[in-house]
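All values below were derived from every heavy atom in this structure, side-chain atoms included, with hydrogens, water molecules and symmetry-related copies excluded. Treat the numbers as computed from the prediction; the structure is a model and nothing was measured.
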Amino acid sequence: ETVDQADTIFCMTEHQADHIRRALPELAEKIKRLDLRADIPDPIGGGPEVYRHTAERIVAALRESLDKELS
């Protein structure tokens with residue numbers, strides 16, 4: 001229900017995006033990789049600095065995406 005209401009579904013990696021597109025082909029147009037230039041790797045197992053860096057990349061990619069949408 002939540003994904004049906006979403007305007008966009010952001011994924012951290014292209015692999016995740018492809019997996020969701022296969023599972024929910026009717027939502028394929030909504031599914032996008034968060035950072036269009038490169039995947040954002042899952043920080044699991046990394047230390048605090050890895051998580052901090054991942055969070056910074058997510059925030060930067062969200063800002064860029066929102067800027068494009070609002071322009």
Side-chain angles (χ1 to χ4, degrees):
E1 184 178 318
T2 301
V3 293
D4 289 332
Q5 296 173 359
D7 293 326
T8 305
I9 300 167
F10 287 115
C11 300
M12 289 173 53
T13 67
E14 192 58 37
H15 177 75
Q16 290 170 338
D18 287 341
H19 180 77
I20 296 170
R21 283 186 198 106
R22 284 192 301 276
L24 301 167
E26 68 277 12
L27 301 177
E29 293 295 315
K30 294 181 177 188
I31 301 166
K32 298 178 179 156
R33 188 171 65 183
L34 182 56
D35 185 335
L36 297 177
R37 292 178 302 272
D39 286 349
I40 299 174
D42 190 332
I44 192 142
E49 188 56 36
V50 173
Y51 278 86
R52 197 171 2 269
H53 178 70
T54 301
E56 289 168 358
R57 285 194 61 196
I58 291 169
V59 168
L62 284 170
R63 283 189 177 132
E64 186 175 329
S65 291
L66 287 173
D67 286 345
K68 284 180 184 177
E69 290 294 321
L70 297 175
S71 298

* Counting only heavy atoms not in Ile44, do more than 12 sit closer than 6.0 Å to its CD1 atom? -> no
* To do: Assess whether atom CD of Glu26 is packed by more than 12 heavy atoms of other residues, nucleotides or ligands within 6.0 Å.
  => yes
* Under 3.5 Å donor-acceptor, Arg21 side chain and Ile31 backbone ->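 The answer is yes, because a donor-acceptor pair under 3.5 Å joins these two groups.
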* **Asp35 (side chain) donor-acceptor with Arg37 (main chain) under 3.5 angstrom** =>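 Flag set: sc Asp35 to bb Arg37 pair under 3.5 Å.
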* To do: If you link ILVMFWY side chains whenever their heavy atoms are less than 4.5 Å apart, which other residues fall into the same cluster as Ile58? By chain and number, please.
  =>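 ILVMFWY cluster around Ile58 also holds Phe10, Met12, Leu34, Ile40, Leu62.
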* Note, Asp18 side chain near Thr13 side chain (heavy atom, < 4.5 Å) -> no
Shortest non-hydrogen contact from [X] toward [Y]:
X	Y	answer
Lys32	Glu29	CE-O, 4.3 Å
Lys68	Leu36	NZ-CD1, 4.2 Å
Lys30	Asp4	NZ-O, 2.8 Å
Arg57	Pro41	NH1-CD, 3.5 Å

* Asked: Out of curiosity, Arg63 CZ to Leu66 CG, how far, rounded to the nearest 0.5 Å?
  ->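 If we round to the nearest 0.5 Å, Arg63:CZ and Leu66:CG are 9.5 Å apart.
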* Which distance, rounded to the nearest 0.5 Å, do you find between the CD of Glu14 and the CG of Asp39? ->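 That separation rounds to 7.0 Å.
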* **side chain to side chain contact (heavy atoms under 4.5 Å, CB included) between Ile9 and Val3, intermediate numbers included** => CA-CA 7 Å; Ile9 300 167; Val3 293; 3.9 Å; yes
